[in-house]
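First up is the structure itself, then whatever we jot down about it.
Residue numbers start from 1 in every chain, and the chains themselves are labelled A, B, ... in the order their sequence lines are given, proteins ahead of strands. These values consider heavy atoms only, across backbone and side chains, with no hydrogens, waters or symmetry-generated copies.
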Amino acid sequence: MTVRIVSWNINSITARADRLAAWIEANTPDVVCLQELKTTTEAFPAQRFNDAGYAVAAHGQGRWNGVAILSRVGLDHIQRDLTDQPAFNNATEARAIAATCNGVRIWSVYVPNGRDITDPHYEYKLNFLGALAAEAANRDDSSPYAITGDFNVCPTDDDIYDIDAWEGTTHTTDAERAALNELQETNLTEVYPRALKYDQPFTFWDYRNLDFPKNRGLRIDLLLANPSLMTHVTDAYVDRNERKGKGASDHAPLVVDTNL
DNA sequence: ATGACCGGGGCGCCCGGA
């Protein structure tokens, strides 16, 4: 059978619940990892997804951040926050949740943006990626394992529409890529998706400046898999069509199919 | 298509996003 795993920065579950429900009905994913809920755990519209056959584990905090996992193939051993997750302004933010779904241990993460390389939020971003690597290093590698979500890092210069336009900004620095590399050195490999249009499988296009019509995108939503998951991956793509139209998130869903 | 951002919280010529 095919087990379809999806990661999607939904940019407010409140604003996007109808669109998410319609996408789920049309695309029949088994596991959906969400980021940027922008609401509390209590306010997550779980019932309508329960009614559609999905168990829901949400980890919200209000106005910002928030992550969740929806699954119709089991949702066990839920963990909220990384084991040694760094705080920002003395607060642990809702940026990580894990569960076991159909034998796959999976993390849905929303890595801090970083804002600016001189901002304290940038150091926080690097520390968060470090904590993620520490978390991954302690995993049980005998069964399938994935970390997916919005990493807010372009892995290579080819993962952005114009590397020169982002010189001196976050998302493309050597330090961010080194932190991502440290995570992958725990023996995690990126599942590289197909593009449905153009050459690069971007996952984010800013709402501003007609970035989507002009295809000025970034590839920052990723799925990292351990070897026992990677061997089961059959396909992966970014559903850029979901970025179209009124009421779209600024991120498109990353879809990974497996024969688990 | 000839465009010119969006969501939250709550009315701040706000903040944050990437």
Side-chain angles (χ1 to χ4, degrees), chain A residues 7-20 34-45 58-68 87-89 91-96 108-126 128-129 148-177 179-180 197-198 200-222 238 240-254:
Chain A
S7 180
W8 193 3
N9 179 321
I10 200 72
N11 188 19
S12 169
I13 186 60
T14 308
R16 217 77 58 204
D18 288 347
R19 201 149 168 153
L20 174 61
L34 299 175
Q35 300 88 34
E36 276 210 88
L37 303 180
K38 291 184 170 179
T39 192
T40 60
T41 302
E42 297 71 27
F44 189 100
H59 183 24
Q61 72 170 67
R63 189 173 182 185
W64 309 115
N65 311 314
V67 286
F88 188 70
N89 288 340
T92 300
E93 300 179 322
R95 293 182 175 276
S108 173
V109 300
Y110 178 45
V111 175
N113 170 293
R115 299 180 188 173
D116 186 279
I117 57 174
T118 61
D119 192 294
H121 209 260
Y122 179 70
E123 197 65 31
Y124 172 48
K125 178 181 196 172
L126 297 176
F128 187 94
L129 285 165
T148 192
D150 179 356
F151 283 76
N152 273 317
V153 179
C154 301
T156 73
D157 287 357
D158 205 38
D159 296 314
I160 182 166
Y161 64 96
D162 180 2
I163 187 63
D164 294 331
W166 282 59
E167 188 177 355
T169 72
T170 58
H171 292 66
T172 60
T173 64
D174 289 344
E176 289 164 289
R177 288 176 177 168
L180 182 62
K197 189 178 180 183
Y198 305 121
Q200 295 151 293
F202 295 142
T203 63
F204 165 86
W205 299 260
D206 200 300
Y207 286 124
R208 293 167 289 195
N209 306 315
L210 298 175
D211 277 3
F212 182 63
K214 293 177 182 296
N215 200 36
R216 292 193 287 234
L218 308 180
R219 195 175 74 83
I220 54 177
D221 298 271
L222 314 174
V238 178
R240 80 183 298 284
N241 291 327
E242 183 56 31
R243 180 63 179 79
K244 295 179 179 176
K246 191 172 170 59
S249 170
D250 43 3
H251 294 249
L254 169 65

C1' gap between B/dT2 and B/dG7, integer Å
27 Å
Could you check whether A/Thr169 gets within reach of a base, just the sugar-phosphate, or nothing at all, counting any heavy atom under 4.0 Å?
nothing
Could you pull out all residues at least two apart from A/Ala15 that satisfy side-chain contact (heavy atoms from CB on, under 4.5 Å)?
A/Ser12
With heavy atoms under 4.0 Å as the rule, sort A/Arg216 into base, sugar-phosphate or nothing.
nothing
Let's see if you get this right: which residues in residues 156-164 of chain A place a heavy atom under 4.0 Å from DNA chain B?
none
Heavy-atom closest pair, residues A/Val238 and A/Ala252:
CG1-CB, 3.7 Å
Sequence-aligned protein contact record of nucleotides 9-18 of chain B, with B where the base is within under 4.0 Å of a protein heavy atom and S where only the sugar-phosphate is
S----BBSBB
With sequence neighbours excluded, tell me which residues meet side-chain contact (heavy atoms from CB on, under 4.5 Å) with A/Gln61.
A/Asn65, A/Glu93, A/Ala94
Sequence-distant partners of A/Asp206, salt bridge (charged side-chain N to carboxylate O under 4.0 Å, His left out), two or more places apart
A/Arg208
Rounding to an integer number of angstrom, what distance separates B/dC13 and B/dC6 when you compare their P atoms?
23 Å
Residues at least two apart in sequence or cross-chain that pass side-chain hydrogen bond (donor to acceptor under 3.5 Å, both in side chains) with A/Trp205, listed by chain then number, are A/Asn215
Between NZ of A/Lys246 and P of B/dC6 the distance, given in whole Å, is 7 Å
C1' atom, B/dG9 versus B/dA1: distance in rounded Å?
32 Å
B/dG10 and B/dC14, which share atom name P, separated by this distance in whole Å
16 Å
Under the side-chain hydrogen bond (donor to acceptor under 3.5 Å, both in side chains) rule, collect the residues that match up with A/His251, sequence neighbours excluded.
A/Asn9, A/Asp221
I'd like a table of atom pairs between the protein and nucleotides 1-3 of chain B - only N or O on both sides, under 3.5 Å - with the distance next to each one.
none

How far, in whole Å, is B/dC11 from B/dA18 if one measures between their C1' atoms?
27 Å
Among side-chain atoms of A/Asn11 and A/Lys38, is any donor-acceptor pair under 3.5 angstrom?
yes
Partners of A/Asp119 by side-chain hydrogen bond (donor to acceptor under 3.5 Å, both in side chains), sequence neighbours excluded?
none
With rounding to the closest Å, how many angstrom separate the C1' atoms on B/dG12 and B/dA4?
25 Å
Residue list, side-chain hydrogen bond (donor to acceptor under 3.5 Å, both in side chains) with A/Trp64, at least two apart or on another chain:
none
For DNA chain B, write out the stems as range with range, using runs of 3 or more consecutive Watson-Crick or G-U pairs with both distances under 3.5 Å.
B:5-8 with B:14-17
For A/Arg216, all residues meeting salt bridge (charged side-chain N to carboxylate O under 4.0 Å, His left out), sequence neighbours excluded
A/Asp211
Could you check whether A/Tyr124 and A/Asn89, counting side-chain N and O atoms only, form a donor-acceptor pair closer than 3.5 Å?
no
Can you see whether A/Phe212 has A/Arg243 sitting over its ring - NZ or CZ less than 6.0 Å from the centre and within 45° of the normal?
yes
For the side chain of A/Thr41 and the backbone of A/Gly60, is there at least one donor-acceptor N/O pair under 3.5 Å apart?
yes
Does one side chain, of A/Asn152 or A/His171, offer a donor that lies under 3.5 Å from an acceptor on the other?
yes
